[in-house]
Colleague: 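After the structure tokens below, expect a handful of questions from me.
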Number of protein chains: 2
Amino acid sequence: MAGDKKISMAVIRRLPRYFRYLYDLIRLDIRRISSKELSERMDITASQIRQDLNCFGGFGQQGYGYNVQSLYDEIGRILGVERRFSCALFGAGNMGNALANYENFQNRGFDITVIFDSAADKVGTAIHGIPVLHVDGMESFLKSKHVDIAILTVPNRAMPDITARVVKAGVKGIWNFSPTDLKLGEGIVVENVHLSDSLMVLGYRLMEQLREDAARRK
Amino acid sequence: MAGDKKISMAVIRRLPRYFRYLYDLIRLDIRRISSKELSERMDITASQIRQDLNCFGGFGQQGYGYNVQSLYDEIGRILGVERRFSCALFGAGNMGNALANYENFQNRGFDITVIFDSAADKVGTAIHGIPVLHVDGMESFLKSKHVDIAILTVPNRAMPDITARVVKAGVKGIWNFSPTDLKLGEGIVVENVHLSDSLMVLGYRLMEQLREDAARRK
DNA sequence: ATCATTTTGTGATTTTTTTGTCAAAACGAA
DNA sequence: TTCGTTTTGACAAAAAAATCACAAAATGAT
Ligand SMILES: NC(=O)c1ccc[n+]([C@@H]2O[C@H](COP(=O)([O-])OP(=O)(O)OC[C@H]3O[C@@H](n4cnc5c(N)ncnc54)[C@H](O)[C@@H]3O)[C@@H](O)[C@H]2O)c1
Ligand SMILES: NC(=O)c1ccc[n+]([C@@H]2O[C@H](COP(=O)([O-])OP(=O)(O)OC[C@H]3O[C@@H](n4cnc5c(N)ncnc54)[C@H](O)[C@@H]3O)[C@@H](O)[C@H]2O)c1
């Protein structure tokens, strides 16, 4: 650990993966694990695992390895799993419905407490027990109830307006599902889920693989 | 270009983003763009843009920059946008519904041609005009109709079985929405969409940001 | 208690990725 | 055409990330 130097994004993005694998180990009733064994399961080098974990502290013990439960707890703590984040979902459409109905985000500390939409037939209903309010009421809602994260699943054309209003209302975290890249000021944290991009990368890699297969067969 | 050396994943993952920005430029009727101007819009360095594009060929021209339309076409070609991929969706639940209803994948060359589910009340219906068949029929379906990509939105417990069967039937590309990391043999291309991981990273970054804000205010 | 074995934590090294730099090419105004 | 300006493509340098390698610590069998 020592003097908290900035942790790189590359490391951060691996943490949830460690967290998942450790949870699997707990369910398998495996109490201890070496970086070597974990590296085989996760298909990354043992060295990287040790280096990653050492960014946060010396969680292991020489000649023993890591205690699964306490390592799980540590990573959970680093990721802030014990914290609760209040989330507002914008757009009760196809994607919004899927997210609102997914139970697992709650287990990770994320509570969707309210849904905003502009369609008259949706306002007043509830999804998975979460009330759908009219988006025009967002400002007054956000004034009275604290919201950490805005989950944006509105159509692209609505993005500029909604984003600006959400930020103005003081929301600091945005989980963006639209293909737009949000350009926001300092201090706003945006995490994009660009599904089309992901699919296009899959397409590219698949073509590459098929080309390779063809070459090998030749 | 020269002798096709392996393009790094870092570059590949940026291509869809270039593609999106170029499309925006076309809609804005901007015919030419320099790496410098694009770099300002995209918030990456001009050097990186030039280097990325040069992995595939010299698309630009000194003193002029890049022709937007032809660069767009080139990147589209690299990403295989003109190709069509036949996709089978597994799991007509919340996420499956959202994906099946999304029109934009088709514009990128991905056709969801069939949906498989195991629930009796879903089999026989259609989502967005795509027939929902019983998952037990997948083997015979995949034997007669070629499928490039399996989109997996089944519950975690069904993942091992479905994955094994899909691979056995010869599908080479998998778009995985479950939190499981698939361990498959060589030659199968997997692209994961780990939404919970993404959300946890957002949570981490948000905490970090709030800590920073607090420190600055002090 | 001893000792061979295991395994971490860490600094060094290598590899990969990003950024900087500039000669040469093409542009476009005069 | 000429010439100052723009801008690429390529290469060099820097930075970041991943891997290697090993001393030191702890284990666990005898
Ligand atoms: N569905 C998918 O699989 C998918 C995939 C990739 C990206 N996306 C992106 O996610 C976003 C939503 O997609 P979707 O398929 O759920 O769309 P959708 O049309 O099903 O849902 C959009 C919802 O937003 C509501 N809405 C419209 N304007 C609004 C406003 N100003 N304020 C609040 N709500 C408003 C609509 O009433 C609707 O309920 C889009 O940006 C889309 O590009 C979706
Ligand atoms: N909904 C989300 O927002 C979300 C977010 C993150 C991850 N996921 C993941 O996506 C997957 C699906 O989530 P969901 O919310 O759509 O779940 P869901 O329960 O709504 O849908 C699952 C569907 O799969 C079908 N199914 C079950 N067993 C099957 C089998 N053996 N073969 C074919 N179909 C089968 C069910 O009948 C159901 O229609 C899960 O792995 C989940 O962890 C979902």
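Letters A, B, ... mirror the listed sequences (proteins, then strands); counts begin at 1. Excluded from the calculations below are hydrogen atoms, water molecules and symmetry mates; all remaining heavy atoms, backbone and side chain alike, are included.
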Colleague: So, OP1 or OP2 of dT6(D): does either fall under 4.0 Å of a side-chain N or O from Arg32(B)?
Modeller: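 The answer is no; no side-chain N or O of Arg32(B) sits under 4.0 Å from OP1 or OP2.
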Colleague: Select from Ser8(B) and Gln62(A) the residue whose nearest nucleotide in DNA chain C is closer to the 5' end of that strand.
Modeller: Gln62(A)
Colleague: Rounded to whole Å, please give me the gap between NZ in Lys36(A) and P in dT7(C).
Modeller: 8 Å
Colleague: Can you tell me if Tyr64(B) has over 12 outside heavy atoms packed within less than 6.0 Å of its OH?
Modeller: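 Enclosed.
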Colleague: Is the phosphate of dT8(C) approached by Ser35(A) (side-chain N or O, under 4.0 Å from OP1 or OP2)?
Modeller: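 So the side chain of Ser35(A) is within the cut-off, an N or O lying under 4.0 Å from OP1 or OP2 of dT8(C).
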Colleague: Which part of the nucleic acid, if any, lies within contact of Thr45(B), taking any heavy atom under 4.0 Å across all strands shown: a base, the sugar-phosphate backbone alone, or nothing?
Modeller: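 It contacts sugar-phosphate atoms only.
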Colleague: Please tabulate, one pair per line, all N/O donor-acceptor pairs under 3.5 Å involving side-chain atoms of residues 42-51 of chain B, not counting sequence neighbours.
Modeller:
{"residue": "Thr45(B)", "atom": "OG1", "partner": "Gln48(B)", "partner atom": "N", "Å": "3.1"}
{"residue": "Arg50(B)", "atom": "NH1", "partner": "Ser35(B)", "partner atom": "OG", "Å": "3.0"}

Colleague: Please report the distance, rounded to the nearest Å, between CD in Gln51(B) and P in dA12(D).
Modeller: 13 Å
Colleague: Are OP1 or OP2 of dA18(D) and a side-chain N or O of Arg14(A) less than 4.0 angstrom apart?
Modeller: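 Yes, because at least one side-chain N or O of Arg14(A) sits under 4.0 Å from OP1 or OP2 of dA18(D).
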Colleague: In whole angstroms, how far is the P atom of dC22(C) from the CZ atom of Arg50(B)?
Modeller: 13 Å
Colleague: Is the distance from the ring center of Phe105(B) to that of Trp175(B) below 6.0 Å?
Modeller: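 Ring centroids of Phe105(B) and Trp175(B) are less than 6.0 Å from each other.
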Colleague: Can you check whether Gln61(B) has a side-chain N or O nearer than 4.0 Å to OP1 or OP2 of dA26(C)?
Modeller: no
Colleague: On the nucleotide dA10(D), are OP1 or OP2 found under 4.0 Å from the side-chain N or O atoms that Asn54(B) carries?
Modeller: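 Answer yes for this pair, as a side-chain N or O of Asn54(B) is under 4.0 Å from OP1 or OP2.
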Colleague: Just checking Ser34(A): base, sugar-phosphate only, or nothing, at a heavy-atom cut-off of under 4.0 Å?
Modeller: sugar-phosphate
Colleague: Using a cut-off of strictly less than 4.0 Å, decide whether Tyr66(A) has a side-chain nitrogen or oxygen near OP1 or OP2 of dG9(C).
Modeller: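 The answer is yes; a side-chain N or O of Tyr66(A) sits under 4.0 Å from OP1 or OP2.
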Colleague: My understanding is that only one of Lys172(A), Arg83(A), Arg84(A) makes a salt bridge (charged side-chain N to carboxylate O under 4.0 Å, His left out) with Asp148(A); could you say which?
Modeller: Arg83(A)
